[in-house]
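Protein chains get the first letters and strands the later ones, always in sequence-line order, with residue 1 at the start of each.
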2 protein chains.
Amino acid sequence: MPEVPPPAPTGDTLLKVLSALGNPHRMRIVAALVERRNYVSALAREIGMGRPLLHMHLQRLEAAGLVVGTLELAEDGKAMKYFDVAPFFYELTPQVIARAAATITESADRTEKEDAK
Amino acid sequence: MPEVPPPAPTGDTLLKVLSALGNPHRMRIVAALVERRNYVSALAREIGMGRPLLHMHLQRLEAAGLVVGTLELAEDGKAMKYFDVAPFFYELTPQVIARAAATITESADRTEKEDAK
DNA sequence: CGTACCTGTCAGAAAAGACTGACAGGCGCG
DNA sequence: CGCGCCTGTCAGTCTTTTCTGACAGGTACG
């Protein structure tokens, strides 16, 4: 199969990824999931964190496309949400940043103020 | 000369880099400096940002080793601080994150509260 | 000597993010 | 049917960032 060209992520995407990974807890979460996939409650116990909090972090990671959550039914009928790490790959160089910065269409920038005049 | 082995940044370092880059303004700052080196005041005007604020962002970027500031004396004797982007390169994969997470010795974790008891 | 440009820092307000406890529901087992 | 374990969410707090205005210092020019 042919080579994959160097990825050029959008500013939006890259921003999400970087801010998601730029956090000790989230880094540990990813690390824990690399070892083995797990469901929310168990993972919370493993890394000593409240469920609501972990839920928020996982949500952030998933929004960045770094992990994937799947709701699976166990044999006994219990619904558990398993999380796996997504096979991501990003290169961080000044040029990549420059290109990404040019494509920041973000709404995070201006939270809808008025710039009339 | 020999090949450079895949870099394995410490959790501490990677954390700084990611949180530094995970910000729209800082991304644009890097992008602007890729185009051409510049000094603080001019850069502030260029991207429309207050000097104190820009100063803070540059400080953060420099702390992460992404840009380098040099205080230079202009011909007319004025002191101006020029900033250049540092030639950085980071690979972001689940494995890299996992390895980095293991080396988080951070003080960012607990901001030195009291856990005496 | 007042003006213009450069540098930096500090206190305090505003916004964003992280965190907690309580509550909702669902299913199976003794 | 109460208990245990699973899922999720919401309101409220607390901490961290982000941002602004004002200040202080320096050199050069008219």
When the distance from [atom1] of [X] to [atom2] of [N] is rounded to whole Å, what number comes out?
| X | N | atom1 | atom2 | answer |
| --- | --- | --- | --- | --- |
| Leu54(A) | dT20(C) | CG | P | 12 Å |
| Leu43(B) | dC5(C) | CG | C1' | 16 Å |
| Arg51(B) | dC23(D) | CZ | C1' | 14 Å |
| Asp76(B) | dT7(C) | CG | C1' | 13 Å |
| Ile47(A) | dC19(C) | CD1 | P | 11 Å |
| Leu58(B) | dT17(D) | CG | C1' | 16 Å |
| Leu18(A) | dG17(C) | CG | P | 14 Å |
| Lys78(A) | dG25(C) | NZ | P | 19 Å |

Under 4.0 angstrom between [X] side-chain N/O and [N] OP1 or OP2:
| X | N | answer |
| --- | --- | --- |
| His25(B) | dT18(D) | no |
| His55(B) | dT7(C) | no |
| Arg45(B) | dC6(C) | yes |
| Tyr39(B) | dC6(C) | yes |
| Asn23(A) | dG17(C) | no |
| His57(A) | dC19(C) | yes |
| Lys81(A) | dG8(D) | yes |

Quick one, Leu61(B) and Leu21(B) - any side-chain contact, counting heavy atoms below 4.5 Å? yes

Answer whether the closest heavy-atom distance between the side chains of Thr13(A) and Tyr90(A) falls below 4.5 Å. yes

Taking the nucleotide of DNA chain C with the closest heavy atom to each, which residue, Pro52(A) or Gly77(A), is nearer the 5' end? Pro52(A)

Rounded to the nearest 0.5 Å, what's the gap from OG1 on Thr93(B) to CD on Glu91(A)? Could you check? 11.0 Å

Among [options], find the nucleotide with the atom closest to the side chain of [X].
| X | options | result |
| --- | --- | --- |
| Leu53(A) | dT7(D), dC5(C), dT20(C) | dT20(C) |
| Gln59(A) | dA22(D), dT9(D), dT7(C) | dT9(D) |
| Val40(B) | dC19(D), dT7(C), dC5(D) | dT7(C) |
| Arg60(B) | dT18(D), dG17(C), dT9(C) | dT18(D) |

Met27(A) vs Leu14(B), test: side chain to side chain contact (heavy atoms under 4.5 Å, CB included). Steps then yes/no. CA-CA 10 Å; Met27(A) 228 181 215; Leu14(B) 197 53; 3.7 Å; yes

Are the side chain of Glu72(A) and the backbone of Tyr82(A) linked by a donor-acceptor contact shorter than 3.5 Å?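 No; judged by distance alone, with no hydrogens or angles, the pair does not exist.
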
Reading DNA chain D from 5' onward, which residue's closest nucleotide shows up sooner: Leu71(A) or Met49(B)? Leu71(A)

Minimum heavy-atom separation for Leu33(B) and Asn38(B), please, with both atom names.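 Shortest heavy-atom separation between Leu33(B) and Asn38(B) comes out as CD2-N, 3.9 Å.
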
